[in-house]
Amino acid sequence: MHFSDILIRWYSKYKRELPWRNTTSPYHIWLSEIILQQTKVAQGLDYYNKFIDQYPTIEDLANETEDNVLKLWQGLGYYSRARNLHTTAKVISTELNGTFPVTYDEIIKLKGIGAYTAAAISSFCFGEKKAVVDGNVYRVLSRYFGINTPIDSTIGKKEFQELAQECLSIENPGEYNQAIMEFGALQCTPNPNCEVCPLREPCNAYENSMVKALPVKEKKIKVKDRYFNFIVIGDNESFYIQKREAKDIWQNLYQFPLNESKKEVVSPFELKDSILNQAVFLRVSEQFKHLLSHQRIYAKFWEFNLAEMSPLKGFKKIKKRNIQEFAVPRLIQKYLESVKN
DNA sequence: GATCCGTGGCA
DNA sequence: TTGCCAAGGAT
């Protein structure tokens, strides 16, 4: 039996039942694909249901504010996905007559949609013969064919894209694309059980004991340390927050006024910020260690009391209990939970 | 084209 | 604890 036939047969037997399966609605497929970028099903499933519940159509999503879209996305990470999702919904609504484009070449023009997602949507919804290449596909193909070209190199991406296209089932490209990804997610995992694999016999990596060594990555990510000093300042009822507008992590999410330092701050007198004029220091939180893919953030929350809270440019004065209406990073959310008791 | 963008689970 | 990984894309 052919490679693609084995995968499709395996898929029909072992695939998970998921809310975005068994539909060809481009909106539903699109939303699920954006949510699942660099994200496990278990982590994204609730978000998908929340979004479909809150925004049943592209039109509903387009009519929402970005702040509220980000609020619903809060906690999922990679927030540019939410901003681009919203931008694209508005483009479809206003420039494309509310109709999702139906070809790969048109779909890939949309913001937040690259080669993978365009191939996924066009093949799942419209039967276009475009092979998806994601982390699962790299793993399955590199092992089955015994390819050690680094998957994070330009030449490697090109090589695997072409190989994937050659393997694609012409009869049912959408089904095949879903099958090879599900196979990578459930069977051909980073640490697989090859004894129950239907492709074990002809698998090059299995024959050569190279399963754990593939696929090959050549680049290692550099992690930099940052020290965040959040100023939690206000009276009994209210405090100030600000929107992160810089081109940095957590863009367009909200936080407390921030002083970033080059090393750990140990005394409130080291904090230099005009917002602290006439403020009375109350306490400092424990140090929070927050890990991101490229950063280690060490954060402290410095709490101050302020008798008179006049309007401040660049800051919003809000009731403390209303903070839950704003999208905040997980780090801020964890601090808020720590002081709720 | 190398780097950046989150979060959580797991060995 | 640390590193790696997960249905990638933008710059």
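So you know, we letter chains A, B, ... as the sequences are listed, proteins then strands, and number each from 1.
Residue Asn191(A) is classed as having no contact, given no heavy-atom separation below 4.0 Å to the nucleic acid. If you check every strand for non-hydrogen atoms under 4.0 Å, Gln295(A) touches sugar and phosphate atoms only. Nucleic acid contact class of Trp73(A) (heavy atoms, under 4.0 Å, all strands): none. Across all strands, Lys224(A) comes closer than 4.0 Å to no nucleic acid atom at all (heavy-atom distances). Contacts of Lys220(A) with the nucleic acid, taken as non-hydrogen atoms under 4.0 Å apart, are absent. When heavy atoms are screened at a 4.0 angstrom cut-off, Lys157(A) is found touching no nucleic acid atom at all. Using a 4.0 Å heavy-atom cutoff across all strands shown, Leu292(A) reaches at least one base atom of the nucleic acid. Using a 4.0 Å heavy-atom cutoff across all strands shown, Arg244(A) reaches no nucleic acid atom at all.
In this structure, Tyr78(A) does not reach the dA6(C) phosphate: none of its side-chain N or O atoms is under 4.0 Å from OP1 or OP2. At the phosphate of dG3(C), neither OP1 nor OP2 sits under 4.0 Å from any side-chain N or O atom of Lys222(A). An OP1 or OP2 oxygen of dG9(C) is reached within less than 4.0 angstrom by no side-chain nitrogen or oxygen of Arg81(A). In this model, the phosphate group of dT7(B) is approached by a side-chain N or O of Trp250(A) to a distance below 4.0 Å at OP1 or OP2.
Between the side chains of Tyr78(A) and Gln38(A), not a single donor N or O lies within less than 3.5 Å of an accepting N or O. Using modelled atom types and a 3.5 Å distance limit, the side chains of Gln54(A) and Glu64(A) yield no donor-acceptor pair. Side-chain atoms of Tyr116(A) and Gln37(A) include no donor-acceptor pair closer than 3.5 Å.
In this structure, Arg321(A) places its CZ atom where only 12 or fewer heavy-atom neighbours from other residues, nucleotides or ligands lie under 6.0 Å away.
Note: CZ (Arg296(A)) to P (dC4(C)) measures 12 Å, nearest angstrom. Following rounding to the nearest Å, Leu186(A) (CG) and dA7(C) (P) show an atom-to-atom distance of 10 Å. Rounded to whole Å, atom P of dC5(C) lies 13 Å from atom NE2 of His294(A). In this structure, Tyr138(A) atom OH and dA6(C) atom C1' are separated by 14 Å, rounded to whole Å. Atom NZ in Lys289(A) sits about 16 Å away from atom P in dT7(B), given to the nearest Å. As a whole-Å value, the separation of Gln251(A) CD from dC4(B) C1' is 12 Å. Atom CG in Asp152(A) sits about 16 Å away from atom P in dG9(C), given to the nearest Å. Between Ile297(A) atom CD1 and dC5(B) atom C1' the separation is 11 Å, expressed in whole Å.
Phe239(A) and Phe256(A) have their aromatic ring centers within a separation under 6.0 angstrom.
Spacing of P atoms, dT3(B) relative to dA7(C), comes out at 23 Å, to the nearest Å. Only the P atoms considered, dG8(B) is 23 Å distant from dG9(C), to the nearest whole Å. Rounded to a whole angstrom, the distance from the C1' atom of dA10(C) to that of dG1(B) is 12 Å.
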After noting the C-alpha distance and the side-chain angles of Phe288(A) and Phe228(A), does the key distance pass the ring-ring contact (aromatic ring centres under 6.0 Å, His included) rule? CA-CA 9 Å; Phe288(A) 289 73; Phe228(A) 283 2; over 10 Å; no

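Of the residues in residues 112-123 of chain A, Gly112(A), Ile113(A), Gly114(A), Ala115(A), Tyr116(A), Thr117(A) come within less than 4.0 Å of DNA chain C through at least one heavy atom, sorted by number. Residues of residues 28-54 of chain A that place a heavy atom closer than 4.0 Å to DNA chain B, in numerical order, are Gln38(A), Thr39(A), Lys40(A), Gln43(A).
From Tyr104(A), atom OH reaches atom OG1 of Thr117(A) across 9.5 Å, with rounding to the nearest 0.5 Å. Atom NZ in Lys129(A) sits 11.0 Å away from atom OG in Ser123(A) (nearest 0.5 Å).
Each of Lys157(A), Arg143(A), Lys217(A) was checked for a side-chain contact (heavy atoms from CB on, under 4.5 Å) with Tyr138(A), and the lone residue meeting it is Lys157(A).
Comparing Arg139(A) and Lys247(A) against DNA chain C, the residue whose closest nucleotide sits nearer the 5' end is Arg139(A). Each of Asp248(A) and Arg330(A) was matched to the nucleotide of DNA chain B holding its nearest heavy atom; the match closer to the 5' end belongs to Asp248(A). Of the two residues near DNA chain C, Leu110(A) and Ile221(A), the one whose nearest nucleotide lies more 5' is Ile221(A).
With respect to the salt-bridge test (charged N to carboxylate O, under 4.0 angstrom), the residues Glu106(A) and Lys109(A) qualify.
Using a distance-only test at 3.5 Å, with no hydrogens or angles considered, a donor-acceptor pair links the side chain of Asp152(A) to the main chain of Glu218(A).
Between Tyr335(A) and Phe301(A), the angle of the ring planes stays under 30°, which puts this pair in the parallel group of the 30/60° scheme.
Out of dC5(B), dA7(C), dG8(B), the shortest distance to the side chain of Lys334(A) is found at dG8(B). Proximity note for Arg16(A) (side chain, C-beta onward) versus dA7(C), dC5(C), dA10(C): the nearest is dA7(C).
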